[in-house]
2 protein chains.
Amino acid sequence: MTPSGVTSADGSGLPSQPLIAVDVVPMRWSAEGLAVGVARREFEPFAGRFALPGVLLGAGESLDDAAARALRTKAGIGRERVRHRFQIGAFDGPDRDPRRHAISIASAAVIDPAAEPATDDLRWEPVTEVPSLPFDHDLLVAETVRQLRTRLWHDDAVTRALTGPRFSTPDAVRLTAAVTGEEVHQSNLRRSLAAHAGLSSAPAPESAGRGRRPLVWAWSD
Amino acid sequence: MTPSGVTSADGSGLPSQPLIAVDVVPMRWSAEGLAVGVARREFEPFAGRFALPGVLLGAGESLDDAAARALRTKAGIGRERVRHRFQIGAFDGPDRDPRRHAISIASAAVIDPAAEPATDDLRWEPVTEVPSLPFDHDLLVAETVRQLRTRLWHDDAVTRALTGPRFSTPDAVRLTAAVTGEEVHQSNLRRSLAAHAGLSSAPAPESAGRGRRPLVWAWSD
DNA sequence: ACAAAAGTGTTGTGGTTACACCCATGA
DNA sequence: TCATGGGTGTAACCACAACACTTTTGT
């Protein structure tokens with residue numbers, strides 16, 4: 001931002017700075033549960049292994065664009081399938097890249113689970129059994145889940161992205177259990193949904209199973 | 001993290017990346033209230049104006065080291081006076097630097113108010129009346145205050161850094177009012193302090209004013 | 001008719017707020 | 001002894017958890 005002893009700075013001479021990676025933690029909620037998207041790495045290091053999608057930040061590129069590029073080029077996930085994205089922090093653990101010092105600006109992205117191609121190069125791992133990942137990606141996943149826990153039902157944008165536009169009461173119970181790890185009483189959760197401004201309940205659209213038809217909730221606007 | 005069309009990457013050829021600034025929001029709590037530290041800029045752009053201390057991240061430099069360097073070289077605040085530091089996020093508003101696209105990794109630092117030199121190049125502005133700052137620094141200050149609000153009395157490290165090692169009950173009331181903007185009942189706050197593991201109350205050390213001597217709280221460990 | 005699944009009602013509890021009152025201190 | 005300022009007690013309230021009970025649906 002200002003010339004200093006450490007950099008040559010100022011546009012003309014290229015400053016000598018660490019690599020900046022933009023990593024994304026793709027999250028998906030579906031009937032199969034809460035899952036993390038990992039993609040097979042094409043290049044070294046760790047070529048062939050699965051890891052979170054990430055790219056090096058380009059000159060003039062915004063964080064948002066870089067995250068979208070990571071999802072598209074590394075995981076084949078287009079922007080239209082990203083329901084919401086939020087930053088989880090900047091990480092600079094010394095061992096995060098074996099090649100050289102690098103800093104990661106990481107974010108979580110909630111992905112629309114509809115019409116998943118399920119290629120050989122993108123796997124959705126259940127959040128409870130994510131295999132060990134290279135770099136510091138285990139840490140990024142843990143931090144993402146921690147933040148989801150605090151934001152679910154408190155941050156509308158995140159919650160709406162996870163549920164999708166419509167969801168039933170038992171869906172909400174399952175989602176809460178998957179995110180927090182704790183069972184919630186359906187009756188109490190239902191009450192808080194009814195109290196939630198921004199949610200409206202449709203009566204009961206179609207039959208789904210044996211018992212009584214659940215209420216279906218829709219986000220207003 | 002991996003070669004891509006946008007970068008030349010990989011150690012030998014320098015990648016073309018945006019400037020990475022590390023900005024710090026110095027916060028101080030004292031008898032005068034809650035204040036933000038702003039330093040006079042020595043170089044362009046905005047030379048002569050007051051702004052938050054910030055430096056360009058150096059190669060091989062950790063975020064922690066860069067933040068410490070910003071505080072030391074731009075605001076004359078040594079590491080021993082930094083009680084606590086925490087990240088508030090990465091910012092990339094397009095207008096944040098008039099020269100070129102730059103990204104800021106920002107953190108808040110709680111500074112020991114003891115023995116403040118109060119030079120001509122460092123000013124402590126009351127948090128309620130911070131003047132408009134260059135770059136996106138207004139945003140960084142707002143985000144810092146927002147985070148302090150949620151962390152006070154919930155995040156021990158932050159709270160301890162603000163209060164210092166010892167503080168009286170009325171100190172706690174004033175601190176809470178300064179951070180949240182809301183008045184709290186001393187009686188209730190006192191109760192929650194008593195319930196707080198990690199705080200112990202000393203009886204009543206010395207006289208300070210007219211009324212009854214307040215309890216003084218000390219952080220254990 | 002029965003079992004399954006979801007909605008409804010009720011009770012208890014912990015934490016928070018508000019406020020009246022008591023106690024210590026200095027002038 | 002009085003004003004000042006902090007501590008103590010207590011009642012009202014609210015959010016939430018737990019659980020019993022009722023209603024709807026498919027077989």
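So that the names make sense, note that chain A is the first sequence line, chain B the second, and so on, each numbered from 1. Worth saying up front: this structure is predicted, and the values here are computed from it rather than measured.
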* Structure fact -> Counting primed atoms, P, OP1 and OP2 as sugar-phosphate and everything else as base, the B/S/- map of nucleotides 3-10 of chain C against protein heavy atoms under 4.0 Å is -BBSSBBB

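Rounded to 10 degrees, the angle separating the terminal helix axes of the helix from C:dA1-D:dT27 to C:dA27-D:dT1, each built from five base pairs, is 10°.
In this structure, B:Leu189 places its CG atom 12 Å from P of D:dG6, rounding to the nearest Å. Taking atom CG of residue B:Leu193 and atom P of nucleotide C:dT16, one finds them 12 Å apart after rounding to whole Å. A:His154 places its NE2 atom 12 Å from the C1' atom of D:dA15, with the value rounded to the nearest Å.
Remark: A:Arg191 pairs with A:Asn188 by the side-chain hydrogen bond (donor to acceptor under 3.5 Å, both in side chains) rule, at least two apart or across chains. Applying the side chain to side chain contact (heavy atoms under 4.5 Å, CB included) test to B:Val184 and every residue at least two apart in sequence or in another chain returns B:Val173, B:Thr176, B:Leu189. Partners of B:Arg151 by salt bridge (charged side-chain N to carboxylate O under 4.0 Å, His left out), not counting sequence neighbours, listed by chain and number: B:Asp155. Residues passing the side chain to side chain contact (heavy atoms under 4.5 Å, CB included) test with B:Ala51 are B:Arg41, B:Pro134, B:His137, sequence neighbours excluded. Evaluation of the side chain to side chain contact (heavy atoms under 4.5 Å, CB included) rule for B:Ser200 yields B:Ala218 as partners, not counting sequence neighbours. Here B:Arg83 pairs with B:Asp112, B:Pro113, B:Ala161, B:Pro165 under the side chain to side chain contact (heavy atoms under 4.5 Å, CB included) rule; sequence neighbours left out.
Judged as a ring-ring contact (aromatic ring centres under 6.0 Å, His included), not a single pair has a partner in residues 169-194 of chain B (not counting sequence neighbours).
Where B:His185 and B:Ser192 meet DNA chain C, the nucleotide closest to each residue was compared, and B:Ser192 sits on the side nearer the 5' end.
A tilted orientation is assigned to the rings of A:Trp219 and A:Phe167, their planes being inclined by 30° to 60°.
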